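Following: one structure in structure tokens, then a few remarks.
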Amino acid sequence: MRIFDPHIHMSSRTTDDYEAMYAAGVRAVTEPAFWGGQPRTSAASFYDYFDTLVGWERFRAAQFGIRHHCTIALNPKEANDPRCREVLDALPRYLAKDGVVAVGEVGFDSMTSDEEKVFARQLELAAEHELPVLVHTPHRDKAEGTRRSLDLVAASGIPPDRVLIDHLNEVTIDLVAETGCWMGFSIYPDTKMDEHRMVRIFAEHGLDRMIVNSAADWGRSDPLKTATTGRAMLDAEFTEDDVDRVLWRNPVEFYAQSGRLLLDPVETDQTATFEGNSVLRGQRPK
């Protein structure tokens with residue numbers, strides 16, 4: 001089983017997680033920019049965080065045989081904070097960097113007017129940089145948040161096949177399926193989706209444009225939920241090719257639209273050194 005986890009926050013995970021993920025078949029990940037668990041006090045804190053995503057975390061993952069990519073954005077939860085919004089002016093220089101495969105997470109949290117303005121601006125940036133978009137649907141009033149998200153995406157003119165609407169469930173899947181956008185599902189221990197519900201959705205809706213992620217972060221979460229979903233699919237008599245399509249080929253197809261995926265096997269070198277923002281084999285993010 002080969003796995004591309006298309007949404008996982010590895011900066012909040014340990015090296016033990018990387019080892020367990022590699023053993024389970026994970027060979028590539030995408031880490032979306034998100035909030036740090038408490039309010040940031042200035043835009044400057046984002047720049048250090050973004051530098052970590054395009055530099056250190058990419059290097060750290062490579063030491064365990066895993067290709068690391070990221071998405072960059074001002075996340076919805078912090079879009080309401082005027083101290084953070086100036087980061088929008090700095091996003092273009094990060095969106096041009098190696099390893100950045102989409103704009104995201106963008107979307108809604110509380111569905112305020114400020115969130116909508118930030119969302120719309122970042123859709124413009126995605127179009128300008130010809131990058132795909134990762135959209136976070138809110139945890140509260142999810143159906144209405146998904147509808148509003150889809151309205152903004154449609155108004156942006158970005159082709160729907162370049163948009164991934166994430167954190168979907170049984171209530172929201174039909175809203176997205178008819179638009180042509182990609183459909184993302186987060187498999188979580190207590191909230192969002194579990195692997196058995198996910199298998200039932202596959203049985204009812206098929207595998208086209210379906211993407212599964214662990215969304216593992218600093219909360220109670222499990223970076224092996226992608227592998228667990230693959231095993232549940234096999235138990236439900238899906239084929240190994242079906243599992244490969246969901247856990248590898250679908251996320252690869254979506255993020256490959258960035259032109260920046262690196263999927264060749266990593267030649268790990270435990271003696272490699274990290275200096276500044278250097279990454280494996282002395283390569284430096286551009």
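These numbers come from a predicted model, not from an experiment.
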Under the salt bridge (charged side-chain N to carboxylate O under 4.0 Å, His left out) rule, collect the residues that match up with Asp241, sequence neighbours excluded. Arg249

Worked check of side chain to side chain contact (heavy atoms under 4.5 Å, CB included) between Glu105 and Thr137: CA-CA 9 Å; Glu105 301 175 60; Thr137 54; over 6 Å; no

How many angstroms lie between atom [atom1] of [X] and atom [atom2] of [Y], to the nearest 0.5 angstrom?
| X | Y | atom1 | atom2 | result |
| --- | --- | --- | --- | --- |
| Arg93 | Tyr47 | CZ | OH | 7.0 Å |
| Met111 | Asn80 | CE | CG | 11.5 Å |
| Glu115 | Asp109 | CD | CG | 5.5 Å |
| Ile66 | Met21 | CD1 | CE | 4.5 Å |

Kindly give the heavy-atom pair with the smallest separation between [X] and [Y], and that separation in Å.
| X | Y | value |
| --- | --- | --- |
| Leu175 | Leu150 | O-CD1, 3.5 Å |
| Tyr94 | Phe50 | CE2-CB, 3.4 Å |
| His68 | Leu53 | CE1-O, 3.4 Å |
| Ile8 | Pro223 | CD1-CB, 3.8 Å |
| Ala28 | Leu263 | CB-CD2, 3.8 Å |
| Glu195 | Thr229 | CB-OG1, 3.7 Å |

Besides Tyr188, the hydrophobic cluster formed by Ile, Leu, Val, Met, Phe, Trp and Tyr side chains linked at under 4.5 Å, directly or via other members, contains none

Only one of Val176, Asn213, Val135 passes side-chain contact (heavy atoms from CB on, under 4.5 Å) with Asp166, and that residue is Asn213

Main-chain N/O of [Y] paired to [X] side chain as donor or acceptor, under 3.5 Å:
| X | Y | value |
| --- | --- | --- |
| Thr228 | Leu224 | yes |
| Gln257 | Phe254 | yes |
| Arg67 | Asp264 | yes |
| Arg58 | His69 | no |
| Gln122 | Val103 | no |
| Asp48 | Ser45 | no |
| Asp114 | Lys117 | no |
| Tyr255 | Leu261 | no |
| Trp182 | Ile165 | no |
| Arg209 | Cys181 | yes |

Between Arg121 and Glu128, does a salt bridge (Lys or Arg N to Asp or Glu O under 4.0 Å) hold up when you go through it step by step? CA-CA 11 Å; Arg121 174 56 186 145; Glu128 292 168 9; 3.4 Å; yes

Which residues pass the side chain to side chain donor-acceptor pair (under 3.5 Å) test with Glu86, not counting sequence neighbours? none

Shared hydrophobic cluster for Ile211 and Leu247 (ILVMFWY, side-chain gaps under 4.5 Å): no

Out of curiosity, does Leu262 fall in the hydrophobic cluster containing Trp248 (side-chain heavy atoms, cut-off under 4.5 Å, transitive links)? no

Looking only at side-chain N and O atoms, does Ser186 offer a donor or acceptor that is under 3.5 Å from a partner on His167? yes

Return yes if a side-chain donor-acceptor contact under 3.5 Å exists between Ser110 and Arg140, otherwise no. yes

Regarding [X] and the six-membered ring of [Y], is the cationic atom NZ or CZ under 6.0 Å from the ring centre and inside 45° of its axis?
| X | Y | result |
| --- | --- | --- |
| Arg60 | Tyr18 | no |
| Arg148 | Phe119 | no |
| Arg27 | Tyr22 | yes |

Given side chain to side chain contact (heavy atoms under 4.5 Å, CB included), test Met210 with Ile201 step by step and report yes or no. CA-CA 10 Å; Met210 294 285 195; Ile201 284 179; 3.9 Å; yes

Tell me whether Glu19 at atom CD has more than 12 heavy atoms from other residues, nucleotides or ligands lying less than 6.0 Å away. yes

Count the heavy atoms of every other residue, nucleotide or ligand shown that sit under 6.0 Å from CD of Glu130, and state whether that count exceeds 12. no

Is there a side-chain contact between Tyr49 and Ser11, using heavy atoms and a 4.5 Å cut-off? yes

May I ask you to test the Pro32-His9 pair for a side-chain heavy-atom distance under 4.5 Å? yes

May I have the step-by-step check of side chain to side chain contact (heavy atoms under 4.5 Å, CB included) for Phe202 and Asp242, ending in yes or no? CA-CA 10 Å; Phe202 289 149; Asp242 292 333; over 6 Å; no

Output, in order, the C-alpha distance, side-chain angles, deciding distance and verdict of side chain to side chain contact (heavy atoms under 4.5 Å, CB included) for Trp35 and Asp81. CA-CA 12 Å; Trp35 74 302; Asp81 191 335; over 6 Å; no

